[in-house]
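Single-structure report; data block below.
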Amino acid sequence: MKHLVRGEREDAGEERERDESLARRAAAGEAAAWSELFETHYTAIFGFVRYRLRSPEEADDIASQVFEVAYRRADKFDYRGVPIGAWLMGIARNLVRDQIKKRVRRGYEEELGESVTPVQPDEAPAVDLKQDISSAMSNLTEDQQEVLSLRFLLDKSVADTAVVMERSEDAIKNLQRRALAAMQRAMMQPGYLQDGAG
Amino acid sequence: MNEERLDELLEFALRTGALPDDATDDERAELEPLLGAANTIDESAASLATEAAATMPIARARFERFIAAESAPVPAREVAPQASRGWIGRVFGSMRPLAATGVAAAVVVLVVVAFVGGDLIGSGTSTALALEVDPGDYLQVEGVVTEVTEGEDGPRIRLETEAGFIELDLSVDTSVLHDARAMGIRDVRVGQRLSVAGLVNEQRRVRAAVLSVRAEDGDAPQKVQVDEAKNLGDSFVGDIVAVRFDKTQRSGTVLVRLPDGKVTKFVLEGAQLAGFISGQGFGPGASVRLTHTGDGFVIAPIERAGDRCELPPGTLDRLGQETICGILLAQEGLNLTLRTIDGVIELKLVRDAHIQVSEASGVTLQEVLEQGGAIGHGILVTGHKRGDVFIVGIVIVGPVVELPPDRDDSRPPPSDRR
């Protein structure tokens, strides 16, 4: 997912046209369009949800729900240059927030904290870099997590991220810098396994 | 330091890989650690893509069923055939390469399904002995192509399965997946082993999203008698042969090949069916454990339950890493050879891996570390894939278990095909 030029688009105009056509077909209930939507966006949606929730099972479920909600709301989607990906990401964002609220309500945070602590951490450091990143991310604010997920894990451009997060591009750049600083501080904390995968 | 300038410098460096020449020392000192953090996150994105790809099959099946359920009462729309990426890339990652080469196409597979005397036949007659299908049902089955003829809109394929045969009508909207690439509907030939999933329409045919070629050459499976689930004990394992759900997802039927080779029909309803669907990994060929409850059978994929190795399940799943269960065949230094239900895989322990020995194992940690004492035992390992190697950080050793039946060792480990 690493790119030399982040967020670069081969042909933004062509992509917009394809997006618009796809949106119309999806709104008309065309099965092939929904198949294409799923193919194109599932990985990004899953990734976004996965790093926000830190639970693969929940991520599976929420990512699937995103497409189900989108399908039900398809007739209400008004394509005016808003990328479909941003629309789906907006749905994902809301579902993640709802899920986090549910967790809080049922005291899930404590449970989650226990579940992500490796067995005897002094003897068994986390071996998955992804797990370490996820743990470090938990120290960030919701917005900081979101901007890092969109920009770095999903490789969204500043412009796309701004659309999804409903902020200006300047605000995204600023939030991005603060998020990276927070992330860097989190990774410097004792207990964070810098050598990750061993 | 000016914050806006720092923002711009950082964005420049993220886009180009380096800070601009006019960045001051103070600015570099401020931003270079942030670039390091960004690189660390970038590195983790690869494993994210792998995980996403692994979850896609189940997510696709769920979405497909959802669409079928949502659209069932609505008359079919007239939609002109269009090229589409279909579901193909779901299995193999991003569809962009396929789209770029223009080889992707939509899929419509029509399968005639009916059963007489335990067989699937194309006559339209149904005696419902093995699997009774109704309009709106979701069906998933695997078989070998035994005949290809010309149908009304394209090739008509006869697919032999263990429960009988299926007829598939392919059309211009049909695409076929083979080795991560789409191929034409007329490239399907006799001898190929296909996996088919689809929805039964009003004519008792099945509209599937994709035909996936599992193997180039295969002998038609011998038909087996399908038994009712009776006197089977409380808990046993088997391999899924075929799956059917109704459009409400309240009732389903699963054909399972038991260790004695017999194929048995299990009817799932309500919570049992919901649990089966949400349990993931329910496609043909998946190994499952069936547990009898007061209301019927609960069917759970073995990889998730971890019970083939008779170890306490669930402990490691919560860690959010990939967990593999199997039998330890060999240990040499940090290198382990593990036999899973999908074949033999090689693992590499991190130097400071945590090894936990269960009481039921009958061996001590010392024996495991110094004498290869875990060989022959069921173990659970958790870790992640890095390239072709599975890196293991945590090992739990269980009791000695019998080797599972021989399987095709070339298949990927369970972590790749959840």
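Every chain is numbered from 1, with letters handed out A, B, ... down the list of sequences.
Rounding to the nearest 0.5 Å gives a distance of 11.5 Å between CZ of B:R60 and OG of A:S64. Distance check: A:N174 CG to B:E8 CD gives 10.5 Å after rounding to the nearest 0.5 Å.
The minimum heavy-atom distance between B:A37 and A:L180, with the atom names listed, is CB-O, 4.0 Å. Nearest heavy-atom pair across A:K173 and B:D7 is O-OD1, 3.8 Å.
Between B:F63 and A:F38, the angle of the ring planes stays under 30°, which puts this pair in the parallel group of the 30/60° scheme.
With a 4.5 Å cut-off on non-hydrogen atoms, A:A181 touches chain B through its backbone and its side chain both. Residue B:L31 touches chain A through its side chain alone, counting heavy-atom pairs closer than 4.5 Å.
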* To do: Test B:E3 against A:R178 for side-chain contact (heavy atoms from CB on, under 4.5 Å), laying out the working first.
  => CA-CA 10 Å; B:E3 292 223 343; A:R178 292 177 184 281; 2.7 Å; yes

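We find that B:E11 and A:R151 are joined by a salt bridge, their nearest charged nitrogen and carboxylate oxygen being less than 4.0 Å apart. Between A:R177 and B:E4 there is no salt bridge, since none of the side-chain N atoms of the basic residue sits less than 4.0 Å from a carboxylate O of the acidic one.
Side-chain atoms of B:L34 and A:M183, non-hydrogen and from C-beta on, never get closer than 4.5 Å to each other.
By the salt bridge (charged side-chain N to carboxylate O under 4.0 Å, His left out) test, A:D143 is found to be paired with A:R167, residues two or more places apart in sequence or in another chain being considered.
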